[in-house]
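Numbering starts at 1 and runs along the sequence shown. Just so you know, these numbers use all the heavy atoms, side chains as well, and skip hydrogens, waters and symmetry mates. Since we're looking at a predicted model, the values are computed, not measured.
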Amino acid sequence: DDAEETGDQSRPASSRLLERDVPMTTTRDFLTRLIANQSGAMAVTGDRGAGHSRFLEEVARSGRLRGFEVVEAADAASVRIPDTDRAVLIVVDGPVEPGAVTGWAAETPGALGVVHHGVHHGGREDDEPLPLPVVESVELLAWSPAALRVWLRNALRGEPGRILVDWMMSRSGGLPARVAAEVDRLSSSGGLVRDSDGGWTVAPALLGRPRPARKPLPVPLTELIGRQQETAHVVRLISERRLVTLVGPGGIGKTRLSLAAAATVAEAYADGVVFVSLAAARSADDVLAALAEALERTELPGQPAAEAV
């Protein structure tokens with residue numbers, strides 16, 4: 001979910017970790033403690049889109065430079081412990097459960113370090129502490145306008161104007177992945193144009209166009225518990241595919257999981273996220289009618305419902 005990963009691959013992006021000095025210092029101190037033959041875990045928290053994937057890549061690189069046997073995995077289920085006498089550093093781009101760490105520790109004869117993507121819920125960290133003696137946490141914050149300007153300058157090969165920087169901050173909140181997604185959206189729609197000084201700005205036609213108002217997602221009465229890994233998996237699938245289907249018996253929590261995933265990715269979509277209830281739908285026409293109502297699209301006389309949607 002990093003700006004360098006989600007952006008247009010034809011456009012250059014800085015390999016620098018912008019405004020990550022404090023988290024990287026904490027990480028290096030954590031690795032030093034592991035070298036002293038301790039074991040421990042470190043959670044990398046922060047809002048989705050703050051650049052966890054890119055940061056974890058840098059953690060893995062630092063671990064290799066310090067002599068660790070590094071294992072990188074997209075999720076905890078993919079981790080395989082190597083046969084080695086060296087200290088092992090496991091870097092997981094997703095949440096990690098205590099039971100998994102207990103199993104890894106049993107397979108590792110020497111020091112074991114685990115760095116993982118913590119699950120951030122509304123500004124607080126709800127992950128259960130992992131069963132290792134050294135437990136650390138770092139939080140990735142949104143970019144400042146100055147850091148955002150640096151990234152835009154490199155990505156666009158030109159100077160971003162104040163209007164563009166303000167536009168990006170208001171729509172991305174300074175979160176790297178959202179910045180990259182918005183730049184790609186503007187680029188593909190002709191919304192990025194040169195200004196009178198040869199720099200980059202937002203097309204005038206977009207500046208006066210209001211963002212569509214969407215009804216808020218339904219808010220469940222109780223908190224979703226024990227589905228962090230499934231939520232992260234669905235979010236990854238949404239970023240890769242246009243259609244994601246959740247299957248399972250009635251009452252198992254498919255709607256709750258879909259709402260949690262939708263809330264996580266909502267800010268990444270310029271036109272918002274919409275919840276459409278299909279409980280009463282019995283035909284394809286019912287589905288189209290429900291979609292049109294949720295999207296507030298009015299059918300014109302003689303117009304097929306599919307075209308209205």
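- The two atoms that bring Ala142 and Gly173 nearest to each other are CB-O, 3.1 Å, heavy atoms only.
- The closest side-chain heavy-atom distance from Phe68 to Leu31 is below 4.5 Å.
- Residues satisfying the side chain to side chain donor-acceptor pair (under 3.5 Å) criterion with Arg194, sequence neighbours excluded, are absent altogether.
- Nearest heavy-atom pair, Gly190 versus Ala203, reported as atom, atom and distance to 0.1 Å: O-CB, 3.9 Å.
- Evaluation of the side chain to side chain contact (heavy atoms under 4.5 Å, CB included) rule for Thr245 yields Leu243, Val247 as partners, not counting sequence neighbours.
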Between Leu112 and Leu34, does the side chain to side chain contact (heavy atoms under 4.5 Å, CB included) criterion hold? Intermediate values first, please.
CA-CA 7 Å; Leu112 171 66; Leu34 294 181; over 6 Å; no
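- Contacts of Ala290 classified as side chain to side chain contact (heavy atoms under 4.5 Å, CB included), with partners at least two apart in sequence or in another chain: Val276, Leu278.
- Annotation: side chain to side chain contact (heavy atoms under 4.5 Å, CB included) contacts of Asp195 (sequence neighbours excluded): Asp197, Thr201.
- Counting heavy-atom neighbours within 6.0 Å of Glu159 CD, excluding the residue itself, gives a total above 12.
- Under the salt bridge (charged side-chain N to carboxylate O under 4.0 Å, His left out) criterion, Glu136 pairs with Arg33, sequence neighbours left out.
- Val150 and Leu164 fall within the same hydrophobic cluster, where Ile, Leu, Val, Met, Phe, Trp and Tyr residues are linked whenever their side-chain heavy atoms come under 4.5 Å apart, directly or through other members.
- Residues Val96 and Ala76 approach most closely at CG2-CB, 4.5 Å, considering heavy atoms.
- Side-chain contact between Thr45 and Val138 is absent, with no heavy atoms from C-beta onward closer than 4.5 Å.
- Geometrically, Arg149 does not engage Trp151 in a cation-pi contact defined by less than 6.0 Å to the ring centre and at most 45° from the axis.
- Scanning for side chain to side chain contact (heavy atoms under 4.5 Å, CB included) contacts around Arg86 gives Glu69, Thr84, with sequence neighbours left out.
- Between atom CG of residue Leu89 and atom OG of residue Ser62 there is a gap of 9.5 Å, rounded to the nearest 0.5 Å.
- The closest side-chain heavy-atom distance from Leu132 to Val114 is below 4.5 Å.
- From Glu293, atom CD reaches atom OG of Ser277 across 10.0 Å, with rounding to the nearest 0.5 Å.
- Under a hydrophobic clustering in which Ile, Leu, Val, Met, Phe, Trp and Tyr are joined whenever their side-chain heavy atoms come within less than 4.5 Å, directly or via other members, Val91 and Phe30 fall into the same cluster.
- Both Phe275 and Val273 are part of a single hydrophobic cluster, where members link through side-chain heavy atoms under 4.5 Å apart.
- Scanning both residues, Val179 and Gly174, for their nearest heavy atoms gives CG2-C, 4.3 Å.
- Placement of Val183 and Val193 in two distinct hydrophobic clusters is found when ILVMFWY residues are connected by side-chain heavy-atom separations under 4.5 Å, directly or transitively.
- Salt-bridge formation is not detected for the pair Glu72/Arg61: no Lys NZ or Arg NE/NH1/NH2 atom is positioned less than 4.0 Å from an Asp or Glu carboxylate oxygen.
- Residue Thr264 forms a side-chain contact (heavy atoms from CB on, under 4.5 Å) with just one option from Val234, Leu259, Val235, and that option is Val235.
- Looking at Ser172, its side chain never comes within 3.5 Å of a backbone N or O of Arg178 through a donor-acceptor pair.
- Looking at heavy atoms from C-beta onward, Met168 lies in side-chain contact with Leu186 at the 4.5 angstrom threshold.
- The backbone N or O of Ala181 sits nowhere less than 3.5 Å from a side-chain atom of Arg185 that would complete a donor-acceptor pair.
- For Thr25, there are no side chain to side chain donor-acceptor pair (under 3.5 Å) partners two or more places apart in sequence or in a different chain.
- Side-chain contact between Pro23 and Val44 is absent, with no heavy atoms from C-beta onward closer than 4.5 Å.
- Two different hydrophobic clusters hold Met42 and Leu141 under the rule that ILVMFWY side chains link at heavy-atom gaps under 4.5 Å.
- The pair Glu58-Arg20 fails the salt-bridge criterion, with no side-chain N (NZ, NE, NH1 or NH2) lying under 4.0 Å from an Asp/Glu carboxylate O.
- Between Trp200 and Arg153 there is no side-chain heavy-atom pair separated by less than 4.5 Å.
- Taking the side chain to side chain donor-acceptor pair (under 3.5 Å) definition, one finds that Ser78 meets it with Asp75, sequence neighbours left out.
- Shown here for Ala232 and Pro95, the closest heavy-atom pair between the two residues is CB-CD, 4.1 Å.
- The salt bridge (charged side-chain N to carboxylate O under 4.0 Å, His left out) check on Arg28 picks up nothing, with sequence neighbours excluded.
- Taking 4.5 Å as the limit, some side-chain heavy atom of Met24 sits within range of a side-chain heavy atom of Leu17.
- Of the possible donor and acceptor atoms, none in the side chain of Thr231 sits under 3.5 Å from a partner among the backbone N and O of Leu257.
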Side chain to side chain contact (heavy atoms under 4.5 Å, CB included), that's the test. Do Met169 and Trp143 meet it? Break it down for me.
CA-CA 9 Å; Met169 283 299 298; Trp143 283 340; 5.8 Å; no
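- Evaluation of the salt bridge (charged side-chain N to carboxylate O under 4.0 Å, His left out) rule for Arg256 yields no partner, not counting sequence neighbours.
- In this pair, His117 and His52 present their aromatic rings parallel. The plane angle is below 30°, not in the 30 to 60° band.
- Shortest non-hydrogen contact noted between Ala281 and Val287 is CB-CG2, 4.0 Å.
- No side-chain heavy atom of Val115 sits less than 4.5 Å from a side-chain heavy atom of Val92.
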Pair up each side-chain donor or acceptor in residues 99-108 with any protein partner under 3.5 Å, not counting sequence neighbours, and list the distances.
{"unit_1": "Thr102", "atom_1": "OG1", "unit_2": "Pro98", "atom_2": "O", "d": "3.1"}
{"unit_1": "Thr108", "atom_1": "OG1", "unit_2": "Trp104", "atom_2": "O", "d": "2.8"}

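- Judged as a side chain to side chain donor-acceptor pair (under 3.5 Å), and not counting sequence neighbours, the contacts of Arg162 are Asp166.
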